[in-house]
Amino acid sequence: MEYDNIDLSDDEEEITAQAVLRILQNSWQNERLAPEILPHQNDMVECMLGQIQHMERNINKLSKTDIRTWIHKMELSRIKFIICNYLKTRLDKIEKFCISILNDEKLRLESRTNYLTPSEYKYAQEYLSNMESHLKTAALNHVPGNMQTFDLDKIAIYPNLHSYVFLKTNETIMGIVLEDLMGDQDEEIDLEEGSQHILQYKPVADLLKNGKVQLV
């Protein structure tokens with residue numbers, strides 16, 4: 001399968017489609033394994049969708065009896081699955097943690113470090129609005145008037161940032177502080193490049209978002 005270079009015009013950088021696909025594969029794997037929603041990779045998704053169209057045009061030029069046609073089609077199916085499952089995983093998290101994600105995202109918008117794409121943010125707002133309407137019509141109408149108000153923050157579900165994840169380091173990292181949840185005996189560790197570990201997610205969350213570790 002041949003790939004073209006992709007021009008990211010915003011910063012005048014050129015990146016190969018193989019590199020874009022590798023980033024998407026890593027992002028997909030991280031998104032599936034991380035307890036929280038991660039910063040979106042919409043630029044990479046859009047680049048890969050454009051590349052898919054280019055590859056489909058090339059496939060159409062091949063003979064149907066050419067074995068390369070079936071090989072390329074299988075590769076395209078794999079790429080499409082990665083993209084679709086990546087986006088679905090994010091939507092599942094938005095639905096599950098809708099309130100907490102929106103609260104956090106509103107703070108991020110002020111510093112322009114948003115994790116959601118505009119369409120994801122709109123979907124989250126609409127999902128929350130529909131959930132609130134459903135609660136009012138299906139549940140609160142059947143309780144006494146003095147109980148027909150509720151605080152959305154009190155029913156918010158938060159991702160478990162203290163859950164354990166399996167990770168591989170992409171570079172040597174010094175001085176990671178592991179919090180002792182049962183006491184005050186925090187531990188500081190160093191991670192060697194290429195090493196694998198099972199650690200709590202919270203101490204490595206920023207490292208994951210900076211590409212210094214990869215979930216596996």
Side-chain angles (χ1 to χ4, degrees), residues 1 3 6 8 15-52 55 73-105 108 113-128 131 156-171 173 176 178-179 181 191 193-216:
M1 175 72 72
Y3 298 92
I6 296 175
L8 301 181
I15 184 172
T16 65
Q18 291 99 323
V20 172
L21 180 57
R22 186 164 56 250
I23 292 171
L24 275 179
Q25 286 176 310
N26 291 340
S27 299
W28 168 54
Q29 187 164 316
N30 287 336
E31 197 68 66
R32 289 190 303 112
L33 299 174
E36 65 171 337
I37 197 164
L38 300 175
H40 71 81
Q41 294 290 339
N42 193 53
D43 288 346
M44 299 296 106
V45 171
E46 293 296 331
C47 286
M48 204 67 236
L49 290 176
Q51 185 68 17
I52 285 174
M55 290 187 288
K73 283 184 176 180
M74 285 190 293
E75 175 67 3
L76 274 177
S77 295
R78 184 180 74 89
I79 295 172
K80 289 178 180 179
F81 173 80
I82 290 173
I83 293 174
C84 289
N85 195 260
Y86 169 71
L87 297 176
K88 181 180 182 301
T89 300
R90 291 180 61 81
L91 288 181
D92 288 343
K93 287 183 179 180
I94 288 173
E95 292 180 1
K96 183 176 182 180
F97 306 118
C98 183
I99 299 172
S100 59
I101 284 178
L102 278 175
N103 288 341
D104 291 340
E105 191 69 3
R108 295 190 192 103
T113 56
N114 50 300
Y115 284 9
L116 305 182
T117 66
S119 58
E120 286 175 335
Y121 187 68
K122 181 180 178 181
Y123 178 81
Q125 289 179 310
E126 292 177 348
Y127 185 86
L128 178 59
M131 180 175 67
I157 301 175
Y158 294 85
N160 181 11
L161 301 184
H162 295 292
S163 61
Y164 283 82
V165 293
F166 188 30
L167 60 89
K168 179 179 179 180
T169 59
N170 295 326
E171 59 184 76
I173 305 168
I176 297 178
L178 304 180
E179 181 183 359
L181 299 179
L191 305 181
E193 180 180 355
S195 59
Q196 298 185 9
H197 308 268
I198 298 177
L199 299 172
Q200 283 187 11
Y201 175 77
K202 188 175 181 179
V204 299
D206 289 339
L207 299 175
L208 176 66
K209 295 164 190 175
N210 293 331
K212 296 182 179 180
V213 301
Q214 168 76 35
L215 298 188
V216 293

Where the side chain of S195 meets the backbone of L191, is there a donor-acceptor pair that is under 3.5 Å apart?
no
Looking at I101 and I37, what are the two nearest heavy atoms and their distance?
CD1-CG2, 3.9 Å
Does any non-hydrogen side-chain atom of M55 lie less than 4.5 Å from one of L76?
yes
Please test Q41 against I23 for side-chain contact (heavy atoms from CB on, under 4.5 Å), starting from the C-alpha separation and ending with a verdict.
CA-CA 9 Å; Q41 294 290 339; I23 292 171; 4.1 Å; yes
Taking the side chain as C-beta and beyond, is there a heavy-atom pair between K168 and V213 under 4.5 Å?
no
Considering all heavy atoms, the nearest P159-P35 contact
CB-O, 3.2 Å
Tell me the closest heavy-atom pair linking I176 and P203, and the distance in Å.
CG2-CB, 4.1 Å
How far does CD of Q200 sit from OG of S163, to the nearest 0.5 angstrom?
8.5 Å
For the student: nearest non-hydrogen atoms of L116 and E105, plus distance
N-OE2, 3.0 Å
Start with the C-alpha distance between V165 and L33, add both sets of side-chain angles, then the distance that settles side-chain contact (heavy atoms from CB on, under 4.5 Å), and finish with yes or no.
CA-CA 7 Å; V165 293; L33 299 174; 5.8 Å; no
Where at least one partner belongs to residues 204-216, residue pairs that pass salt bridge (Lys or Arg N to Asp or Glu O under 4.0 Å), sequence neighbours excluded:
E36-K209
Just how far is it from atom OH of Y201 to atom CG of L167, taken to the nearest 0.5 Å?
11.0 Å
Would you sort out whether L24 and I83 count as a side-chain contact (heavy atoms from CB on, under 4.5 Å), showing the intermediate values?
CA-CA 8 Å; L24 275 179; I83 293 174; 4.2 Å; yes
What residues, two or more places apart in sequence or in another chain, satisfy side-chain contact (heavy atoms from CB on, under 4.5 Å) together with K122?
E126
Distance col, row N42:CG vs S119:OG, nearest 0.5 angstrom, shows 6.5 Å
Less than 4.0 angstrom from a charged side-chain N to a carboxylate O is my criterion; do D92 and K96 meet it?
no
Criterion side-chain contact (heavy atoms from CB on, under 4.5 Å) on H162 and E179, from CA distance to verdict:
CA-CA 10 Å; H162 295 292; E179 181 183 359; 4.0 Å; yes
Sequence-distant partners of K93, side chain to side chain donor-acceptor pair (under 3.5 Å), two or more places apart
E31
Restricting to non-hydrogen atoms, name the atom on Y115 and the atom on R90 that form the minimum distance, rounded to 0.1 Å.
O-NH2, 2.8 Å
Can you check whether L21 reaches M48 side chain to side chain, under 4.5 Å on heavy atoms?
yes
Search all heavy atoms of Y123 against all heavy atoms of I94 and return the closest pair with its distance.
CD2-CG2, 4.0 Å
How long is the straight-line distance from CD1 of I79 back to CG of L49, given to the nearest 0.5 Å?
10.5 Å
How many angstroms lie between NZ in K80 and NZ in K73, if you round to the nearest 0.5 Å?
10.0 Å
Just jot down the side chain to side chain donor-acceptor pair (under 3.5 Å) partners of Q214, sequence neighbours excluded, or say none.
N30
Can you run down the side chain to side chain donor-acceptor pair (under 3.5 Å) pairs that involve residues 19-29, sequence neighbours left out, and say none if there aren't any?
W28-N85
With sequence neighbours excluded, tell me which residues meet side chain to side chain donor-acceptor pair (under 3.5 Å) with Y127.
none
Is there side-chain contact between F166 and H197, with at least one heavy-atom pair below 4.5 Å?
no
T117 OG1 to D43 CG distance, which is reported to the nearest 0.5 Å
10.5 Å
Can a donor-acceptor pair be found, under 3.5 Å and without considering hydrogens, that links the side chain of S100 to the backbone of I157?
yes
